[in-house]
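Here the structure is a predicted model, which is why all the values come from computation and not from measurement.
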Amino acid sequence: MRLDPADELTELLTLDQAAAVARVSGRTINRWIKAELLPVYELPGYTARYVREDELLEVEHERRQSRRRGRPGARVTCADIGVPA
């Protein structure tokens, strides 16, 4: 479903479809919505909630990139800093 049929970048997905596209759980999609990382759209005459595919992919990409940077406070071993064990 599209907001504007002429705009191919505004594909709307249900929350279940969004979870499948992003390869995360529906619970994760709801967390992203609650954290205001992912806007949700409600259309007149429809009971389902939708997210835009382009916005979903942007949030999913950013979250995966942040996981690659490492966690703050990750453990450092003696071998990591060059101290003999």
Euclidean distance, Leu38 CG relative to Glu60 CD, rounded to 0.5 Å:
11.0 Å

Measuring from Leu12:CG to Arg52:CZ, what's the distance to the nearest 0.5 Å?
8.0 Å

Sole residue of Glu53, His61, Glu55 in side-chain contact (heavy atoms from CB on, under 4.5 Å) with Leu57:
Glu53

Could you go through Tyr41 and Val51, starting from their C-alpha distance and side-chain angles, then the distance that decides it, and tell me whether this counts as side chain to side chain contact (heavy atoms under 4.5 Å, CB included)?
CA-CA 6 Å; Tyr41 299 91; Val51 296; 5.5 Å; no

Give, for atom CG of Leu37 and atom CD1 of Ile29, the distance between the pair rounded to the nearest 0.5 Å.
10.5 Å

Interatomic distance, Arg49 atom CZ to Ile33 atom CD1 [nearest 0.5 angstrom]
5.0 Å

Determine whether Trp32 and Val24 make a side-chain contact, defined as any pair of heavy atoms from C-beta on separated by less than 4.5 Å.
yes

Are Asp54 and Glu58 close enough that some pair of their side-chain heavy atoms sits under 4.5 Å apart?
no

Check Gly26 against Ala19 and note the closest heavy-atom contact, atom names and distance.
N-CB, 3.8 Å

Distance from Arg23 atom CZ to Arg64 atom CZ, nearest 0.5 Å?
5.5 Å

Distance in Å, Leu56 CG paired with Glu11 CD, rounded so as to fall on 0.5 Å steps
11.5 Å

